[in-house]
Amino acid sequence: MTMTPPPAAPLPHLDADALARLVPMSAAVDAVEDVLVGGGLDPEAEPARSVVGVTGGQLLLMPSSTATYAGVKVASVTPGNPALGLPRVQGLYLLLDGVTHQPLALLDGIALTSLRTPAVSGAAIRRLAVPEVRRLLVFGTGPQAWGHVEAVRAVRPGLTHVDVVGRDRGRVDAFVARCREAGLTAAAATPDDVAHADVVCCCTTAREPLFDSALLAPHATVAAVGSHEPDAREVDERLVGRATVVAESRSVAMRECGDIVQAVAAAAFDLGRLHTLRELARDEVPVDDTRPRLFKSAGMAWEDLAVAVTAYERAQKADG
């Protein structure tokens, strides 16, 4: 007689609330740094993001692995969804054992992205920004914009003020109120207010530069995270040309980072001046105090894996 195997235990699911509870922003920043400094991971060796066109948008596939874990994020990008009251980006993350590839957990892919992207920026800002950061200017009013407020505050707790630039005044006002509820002063702003910022975070879907980089103070740090296409950019080539520039990897920078691709095409930037986040995390990047600092992020799969593993291990510890 054939024996029927017992039913498999349900796969643990870590939703947005669980991720927020298990991995505060400071822990997510540390997880990113730990992988780069001591995790034996080389971002240059990561497989490229797969993008497949489907009806109404795109599917993104982002796998990564270490000796002990593997994982893959499947995300959809559907530009028409907001008009239907649905998220533009949706997705799930599947975490696997690194050797047997047994599924270990499912995570909310969008909550994971909303956490790991600002955490990566936080890891860069921690080493690029001047110690006495007081003023932050954020372009955007969505989850990434708020995540970057949290990330800057995590690595520069002296932050006191947030300026917010957005297209929808109602959303800007709500964002300002949220900042104030968190104990910060805040105000609606214009792109010219970058002149007063210690840190600028660009968290938009813009395809053209958001501000005139000539207005930036020499000590300012800019994090641009809103695009991963070679024909889209949030900062101008003049900033790329004069700044200390850091990206997640050189291969990704030339494949997906329009801010850098277009600066190179305009002969405003020499790729020999490009530094990587891994080098920065290992204190191998000299930061010139006389010029702005730019971190350009396109998003990479190893970042999802680093934060997902932290969430999973903390969940296991809490359960057992």
Side-chain angles (χ1 to χ4, degrees), residues 13-16 19-20 28 32 43 46-64 71-95 106-121 138-148 151 165-168 171 175 201-210 223-235 247-249 251-262 295-308 311:
H13 180 244
L14 301 181
D15 61 14
L19 279 172
V32 169
E46 287 279 290
R49 181 198 330 257
S50 297
V51 181
V52 179
V54 294
T55 302
Q58 297 175 325
L59 292 181
L60 310 182
L61 186 70
M62 299 177 65
S64 185
V72 60
K73 182 169 71 178
V74 179
S76 61
V77 181
T78 314
N81 269 6
L84 303 174
L86 298 171
R88 178 176 179 270
V89 181
Q90 303 172 92
L92 284 171
Y93 191 87
L94 175 62
L95 183 67
L106 275 175
L107 293 83
D108 183 315
I110 304 314
L112 180 61
T113 304
S114 296
L115 177 59
R116 64 83 154 145
T117 301
V120 172
S121 293
V138 178
F139 287 92
T141 55
Q144 282 299 337
W146 179 251
H148 277 75
V165 180
R167 294 175 296 183
D168 184 301
R171 289 173 63 91
F175 198 97
C201 293
C202 304
C203 312
T204 74
T205 57
R207 304 189 72 83
E208 295 297 334
L210 295 165
V225 307
S227 68
H228 56 85
E229 299 171 86
D231 59 349
R233 58 180 180 162
E234 294 176 292
V235 303
E248 288 145 312
S249 85
S251 57
V252 167
M254 282 312 301
R255 186 172 64 241
E256 300 183 6
C257 297
D259 311 70
I260 295 172
V261 170
Q262 294 181 47
F295 173 60
K296 171 56 193 172
S297 171
M300 293 185 68
W302 64 265
E303 301 157 0
D304 295 303
L305 181 61
V307 177

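- Checking Val72, Leu305, Ile110, Leu14 one by one against Tyr93, the side-chain contact (heavy atoms from CB on, under 4.5 Å) holds for a single residue, Leu305.
- Nearest heavy-atom pair across Ala151 and Pro118 is CB-O, 3.2 Å.
- The distance from the CG atom of Leu106 to the NE2 atom of His13 is 6.0 Å, given to the nearest 0.5 Å.
- Residues Leu107 and Ala311 share a closest heavy-atom pair of CD2-CB, 4.3 Å.
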Quiz: residues 46-59 side-chain donor-acceptor pairs under 3.5 angstrom, not counting sequence neighbours:
{"from": "Glu46", "atom 1": "OE1", "to": "Ser64", "atom 2": "OG", "distance (Å)": "3.0"}
{"from": "Glu46", "atom 1": "OE1", "to": "Trp302", "atom 2": "N", "distance (Å)": "3.2"}
{"from": "Glu46", "atom 1": "OE2", "to": "Ser64", "atom 2": "OG", "distance (Å)": "3.1"}
{"from": "Arg49", "atom 1": "NH2", "to": "Glu256", "atom 2": "OE1", "distance (Å)": "2.8"}
{"from": "Arg49", "atom 1": "NH2", "to": "Ala298", "atom 2": "O", "distance (Å)": "2.8"}
{"from": "Arg49", "atom 1": "NH2", "to": "Gly299", "atom 2": "O", "distance (Å)": "2.9"}

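- Shown here are the side-chain contact (heavy atoms from CB on, under 4.5 Å) partners of Ser249, two or more places apart in sequence or in another chain: Pro43, Glu44, Ser251, Val252, Met300.
- Expressed to the nearest 0.5 Å, how far NE2 of His228 lies from OG of Ser297 amounts to 10.5 Å.
- With sequence neighbours left out, the salt bridge (charged side-chain N to carboxylate O under 4.0 Å, His left out) criterion links Arg207 to Glu229, Asp231.
- Residue Lys73 holds its NZ atom at 2.5 Å from OG1 of Thr113, rounded to the nearest 0.5 Å.
- In the displayed structure, Arg255 atom CZ is contacted under 6.0 Å by more than 12 heavy atoms of other residues, nucleotides or ligands.
- Applying the side-chain contact (heavy atoms from CB on, under 4.5 Å) test to Ser227 and every residue at least two apart in sequence or in another chain returns Ala232, Asp259, Lys296.
- At distances below 3.5 Å, at least one donor-acceptor pair connects side-chain atoms of Gln262 with backbone N or O atoms of Pro230.
- The shortest distance between side-chain heavy atoms of Thr204 and Leu210 falls below 4.5 Å.
- Val235 and Ala224 make their closest contact through CG1-CB, 4.3 Å (heavy atoms, listed as atom of the first residue, atom of the second, distance).
- The distance from the CD atom of Glu248 to the SG atom of Cys257 is 6.5 Å, given to the nearest 0.5 Å.
- Remark: Asn81 pairs with Thr78, Leu84, Leu86, Gln90 by the side-chain contact (heavy atoms from CB on, under 4.5 Å) rule, at least two apart or across chains.
- At least one side-chain heavy atom of Thr117 sits less than 4.5 Å from a side-chain heavy atom of His148.
- The shortest non-hydrogen separation linking Ala111 to Asp108 is N-OD1, 2.8 Å.
- Between the side chain of Glu303 and the backbone N or O of Val120 there is no donor-acceptor pair closer than 3.5 Å.
- Considering every non-hydrogen atom in both Arg88 and Pro82, the closest pair reads CB-CG, 4.0 Å.
- Qualifying side-chain contact (heavy atoms from CB on, under 4.5 Å) partners for Ala119, counting only residues two or more places apart in sequence or in other chains: Met25, Ala28, Val29, Val32.
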